[in-house]
Amino acid sequence: MIRVLTTRPRGTNDILPGEVEKWQYLEELARNVCKQYGYHEIRTPIFEHTELFLRGVGETTDIVEKEMYSFLDRGERNITLRPEGTAPTVRAFLENKLYAQPQPTKLFYIGPMFRYDRPQAGRYRQFHQFGIEVFGSNHPSVDAEVIGLACDYLERLGLDNLEVHINTVGCPECRKKHKESLIAFFEDKKDQLCETCGGRLEKNPLRILDCKSPLCQELSENAPTTLSSACPECQIHFQQVQEYLTEIGIKYTINPRLVRGLDYYTNTAFEILVQGIGAQSALCGGGRYNGLIEQCGGKPTPGIGFALGMERLLLTLNQQEKSLPESGTPDIFIASIGAEAQKASFKLAIDLRKKGFIVEKDYLDKSLKAQLKTADRFQVKYTLILGEKELAGGKVLLRDMAGSEQIEISISEIEDFLERRLQKNE
RNA sequence: GUGGGUGUGGCGAAGUGGUUAACGCACCGGAUUGUGGCUCCGGCAUUCGUGGGUUCAAGUCCCACCAUCCACCCCA
C-alpha cells in the first residue's frame with residue numbers, strides 16, 4: 001500500500017555491503033592509474049544549469065530531447081541532474097580559470113550521472129561514470145594517451161576480449177560535406193530504409209551507418225563514410241593517432257561506421273566494446289571535442305576525453321568471472337556472559353578498536369552458545385570470551401576458532417598477543 | 001515513447017479452480033549448569049505484486065494498474 005516507501009525509483013540501484021567493496025576497489029584503481037598518467041580528480045556538482053547541457057551536449061541529441069532530469073528549483077532556476085560529465089568539467093575549467101595554469105589540463109572524475117531512459121541490462125537512470133578530459137592540446141599523442149589510459153585500466157583488471165574501435169568524424173567542415181554527400185547517396189534509396197532511418201535521413205544521416213537493420217546495413221554498404229569525407233588535415237591527424245597507438249602496442253579496429261551520439265565530438269571517436277553483457281556492449285566511449293570549450297563560452301581550446309560505465313564494467317567483470325575484493329572479516333569477536341562482563345566487553349572492544357583491530361561483539365545479550373555461533377558466522381580467527389570468572393581475575397579466554405583451543409590470558413596481554421598472531425596468520 | 005517475458009515468505013522454488021499454501025537455503029531459538037562449525041527438534045507467508053471481475057469455490061481463469069527484467073530508439 002505504501003510501497004513507494006520500500007521501493008527505490010526505477011532504474012536506480014542500492015549498492016550494498018559486499019558489493020560496495022568492489023566499487024571502492026575499481027575507484028581506487030582508477031585514481032591510481034590517473035595519478036600515474038598525471039590526471040587530477042575534479043568533483044563538480046551533481047546538478048548544473050540546464051542551459052549548460054543544452055549548449056554543451058546539443059539540443060538535438062537524445063539526451064537533451066528526452067532523457068534529462070530537469071526541474072525548477074525554489075528560486076525558479078532551471079536545473080538539470082548531470083547526464084554526462086564532460087560539459088560540467090568544461091564549465092569548471094572555464095569558471096575556475098584552469099586554463100591559466102600550465103597546459104594542457106588533465107582531469108578525471110568518478111560519479112553518478114542521470115538519464116531518464118527505459119532501464120535494461122547495463123543501462124540505468126542513475127549510473128556511474130569514470131571519465132577523463134584533456135583540455136588544451138590537439139596533439140595526436142594525447143588522443144592515443146586517452147585511449148591508452150582506458151585500455152591500461154581495463155587491462156589491469158584482467159579483462160579479456162576487449163575491442164577498441166576508432167574512427168574520425170572530422171572537423172565541422174568535413175561533417176557538413178559528409179552530411180550532404182550522405183543525403184545525396186541515400187536520396188534514391190530512402191523508400192527502402194527502415195522506418196527510423198527514413199526519419200534519420202533529414203536530421204542525422206550519420207546514424208544510418210550504424211543502424212542494426214540488415215537492409216539498412218546493406219544499403220549503406222558503399223555509403224561515404226566520415227573517414228572518406230575527412231579533409232587532408234583530419235586524415236593526417238587520424239593517421240598520426242594510429243601511429244601513436246601502434247607505438248604503445250594498442251590493437252585497434254578502424255570502424256568507419258562508428259559515430260558518437262553527442263554533438264560535440266570532432267575528429268577522433270572511439271569505443272571499447274565487450275561481448276556478453278547484453279545489448280549495451282560499449283564499456284567506454286569517447287573522443288575529441290575541439291569545438292566544445294568555445295561553444296561553452298571559452299577561447300577556442302581543443303579537448304578530448306572518455307567516459308567509462310562503471311555498472312557495465314562490473315557486469316563485465318562478473319561475466320568474465322574476475323575476482324574482486326569482498327567484504328573483510330573482523331579480526332576478533334568478543335563474547336560475554338552476564339551484565340558485568342557485557343559492560344567490560346564493550347570497553348574492551350572499543351579499546352582494541354582504538355588500537356586498530358577490527359572488532360565485533362554481541363549486542364543482543366545472546367547466550368554464549370549463540371554468541372559463538374555468531375562469531376563463527378563472522379569467520380573470525382579468534383574469539384575473546386569474557387565471563388564473570390575471568391572478569392574477576394582481569395583475564396579473558398582467547399579461543400582459536402579453527403583449532404577449538406582456548407587459553408586464558410590477562411586483558412593487558414591481549415593486544416600484544418593478537419598483534420603477533422594476526423600478523424603471523426596473514 | 002514502443003514491444004515481449006516475469007511477479008508465491010529474506011532468497012530459490014512447488015502448486016495449472018476445491019479441505020490447514022509443499023520443499024530447500026538463510027534467519028531465530030532449543031537439545032540440563034558458561035562454548036561455534038556436524039546432527040536432531042522447534043519457530044518463521046491469516047496469504048500468493050495491487051485493485052476489480054467470473055465462479056458455490058481463485059495463488060490458480062479474465063481485465064486494469066503497478067513493479068521488475070529483456071529488447072528497440074539512444075547511450076556508459
Side-chain angles (χ1 to χ4, degrees), chain A residues 1-4 6-13 16 57 60-67 82-86 110-131 150 194-197 199-200 203-204 206-207 210-213 259-262 265 271-274 277-286 305-316 333 335-338 341 362 364 366-391 396-406:
Chain A
M1 84 185 87
I2 320 178
R3 274 186 63 98
V4 289
T6 55
T7 309
R8 64 183 184 270
R10 188 164 165 75
T12 63
N13 288 301
L16 303 173
V57 178
T60 61
T61 58
D62 274 29
I63 289 181
V64 168
E65 281 181 353
K66 53 183 198 187
E67 295 174 2
R82 62 179 188 196
E84 57 100 54
T86 301
I110 303 173
M113 305 295 163
F114 305 85
R115 291 184 202 171
Y116 189 91
D117 240 3
R118 289 285 293 261
Q120 69 183 73
R123 173 191 291 155
Y124 308 95
R125 289 184 173 179
Q126 176 175 167
F127 60 102
H128 297 75
Q129 290 185 332
F130 155 41
C194 73
E195 207 176 315
T196 38
C197 283
R200 280 166 172 161
K203 220 173 95 181
N204 197 355
L206 267 179
R207 294 238 71 98
D210 66 351
C211 179
K212 291 183 182 76
S213 146
V259 287
R260 313 235 66 241
L262 285 66
Y265 285 109
E271 279 182 0
I272 300 177
L273 305 169
V274 67
I277 56 169
Q280 309 307 318
S281 57
L283 244 191
C284 175
F306 71 69
L308 193 153
M310 298 299 277
E311 282 82 358
R312 288 181 190 178
L313 177 55
L314 252 344
L315 281 174
T316 307
F333 185 91
S336 64
I337 308 150
D362 165 68
L364 298 170
K366 287 187 190 180
S367 66
L368 178 61
K369 184 193 190 64
Q371 291 183 63
L372 281 164
K373 203 170 203 171
T374 305
D376 192 57
R377 295 274 152 69
F378 276 121
Q379 294 187 290
V380 293
K381 290 199 179 74
Y382 297 104
T383 298
L384 297 179
I385 302 171
L386 195 45
E388 308 289 341
K389 273 185 269 176
E390 291 75 22
L391 193 59
V396 298
L397 294 173
L398 185 142
R399 182 176 180 82
D400 178 332
M401 298 301 277
S404 292
E405 298 146 357
Q406 58 192 38

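The chains referred to below are lettered A, B, ... by the order of the sequence lines, with proteins before strands, and numbering in each begins at 1. No experiment lies behind these values; they were computed from the predicted model shown. Only this structure's heavy atoms are used, side chains among them; waters, hydrogens and symmetry mates stay out.
- Rounded to whole Å, atom C1' of B/A76 lies 8 Å from atom CG of A/Leu283.
- Contact annotation for A/Phe130: no contact, since no heavy-atom pair falls under 4.0 Å across all strands.
- Taking the P atoms as reference points, B/U8 lies 10 Å from B/U50, given to the whole Å.
- Interface remark: the A/Lys66 side chain does not form any donor-acceptor pair with the B/C74 base, using a distance-only criterion of under 3.5 Å.
- Counting distance only, with no hydrogens placed and no angle test, the side-chain atoms of A/Gln371 and the base atoms of B/U35 include no donor-acceptor pair under 3.5 Å.
- Spacing between B/A45 and B/C70 at atom P, rounded to whole Å, works out to 32 Å.
- Shown here for A/Leu313 and A/Leu308, the closest heavy-atom pair between the two residues is CD2-CD2, 3.9 Å.
- Rounded to whole Å, atom C1' of B/C73 lies 12 Å from atom CZ of A/Arg118.
- The NZ-C1' distance, from A/Lys389 to B/U33, rounds to 10 Å in whole Å.
- Between A/Gln280 and B/A76 there is no side-chain polar atom (N or O) within less than 4.0 angstrom of OP1 or OP2.
- A distance of 3.5 Å separates CZ in A/Arg115 from CD1 in A/Ile63, rounded to the nearest 0.5 Å.
- Going from atom CG of A/Leu384 over to atom C1' of B/G36 covers 15 Å, rounded to whole Å.
- Nearest nucleotide to the side chain of A/Arg312, out of B/A76, B/A71, B/U35: B/A76.
- Annotation: B/G43 and B/C65 have their P atoms spaced 43 Å apart (nearest Å).
- For A/Lys366 and B/G34, the NZ to P distance is 17 Å, given to the nearest whole Å.
- Rounded to the nearest Å, the gap between the P atom of B/G24 and that of B/A76 is 49 Å.
- The separation between A/Phe127 atom CZ and B/C74 atom C1' is 11 Å, rounded to whole Å.
- Taking atom CD on A/Glu65 and atom P on B/C74, their separation rounds to 12 Å, with Å as the unit.
- The base of B/G36 lies outside donor-acceptor range of the side chain of A/Gln406, with no N or O pair under 3.5 Å.
- To the nearest whole angstrom, the two C1' atoms, one in B/G15 and one in B/A58, are 13 Å apart.
- Taking atom C1' in both B/U60 and B/G1, one finds a spacing of 34 Å when rounded to whole Å.
- Across all strands shown, A/Ala307 has heavy atoms under 4.0 Å from sugar-phosphate atoms exclusively, and none from any base.
- In this structure, CD1 on A/Ile337 lies 7.0 Å from CD1 on A/Ile385, to the nearest 0.5 angstrom.
- Formation of a donor-acceptor pair under 3.5 Å by the A/Arg312 side chain with backbone atoms of A/Ala282 is found in this model.
- Remark: side-chain polar atoms of A/Thr374 are paired, donor with acceptor, to backbone N or O of A/Ala370 under 3.5 angstrom.
- Put simply, the side chain of A/Arg399 and the base of B/G36 share a donor and an acceptor less than 3.5 Å apart.
- With B/G34, B/C74, B/U35 as the candidates, the nucleotide lying closest to the side chain of A/Ile337 is B/G34.
- Applying the 4.0 Å criterion to OP1 and OP2 of B/C74, one finds that A/Arg125 has every side-chain N and O outside that range.
- Taking every heavy atom of both residues into account, A/Phe306 and A/Ala150 meet most closely at CE2-CB, 3.6 Å.
- Put simply, A/Lys369 has a side-chain N or O that comes within less than 4.0 Å of OP1 or OP2 on B/G36.
- Map A/Arg377 and A/Gly387 each onto its nearest nucleotide of RNA chain B; the residue landing nearer the 5' end is A/Arg377.
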Report the secondary structure of RNA chain B in dot-bracket form, marking unpaired bases with a dot and bases paired to a different strand with |, and treating Watson-Crick or G-U pairs with both distances under 3.5 Å as paired. ((((((((.[[[..)..(....]]].(((((.......))))).....[[[[[..)....]]]]])))))))....
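- Nearest heavy-atom pair across A/Glu390 and A/Leu386 is OE1-C, 4.3 Å.
- Among the protein residues, A/Gln126 comes within range of no part of the nucleic acid, since none of its heavy atoms lies under 4.0 Å from any strand.
- Comparing the P positions of B/A14 and B/G49 gives an interatomic distance of 14 Å, to the nearest angstrom.
- Each of A/Val259 and A/Arg10 has a nearest nucleotide on RNA chain B; the 5'-most of these lies closest to A/Arg10.
- Contacts of A/Gly122 with the nucleic acid, taken as non-hydrogen atoms under 4.0 Å apart, include base atoms.
- Side-chain atoms of A/Glu311 come within 3.5 Å of backbone N or O of A/His128 as a donor-acceptor pair.
- Put simply, the side chain of A/Ser404 and the base of B/G37 share a donor and an acceptor less than 3.5 Å apart.
- Atom NZ of A/Lys373 and atom C1' of B/A26 are 12 Å apart (whole Å).
- B/C48 and B/G7: their C1' atoms are spaced 10 Å apart (whole Å).
- If you check distances only, the side chain of A/Arg123 does reach the base of B/C74 with a donor-acceptor pair under 3.5 Å.
- Proximity of a side-chain donor or acceptor of A/Gln371 to a complementary backbone N or O of A/Lys366 within less than 3.5 Å is detected.
- Atom CD in A/Gln126 sits 15.5 Å away from atom CZ in A/Arg10 (nearest 0.5 Å).
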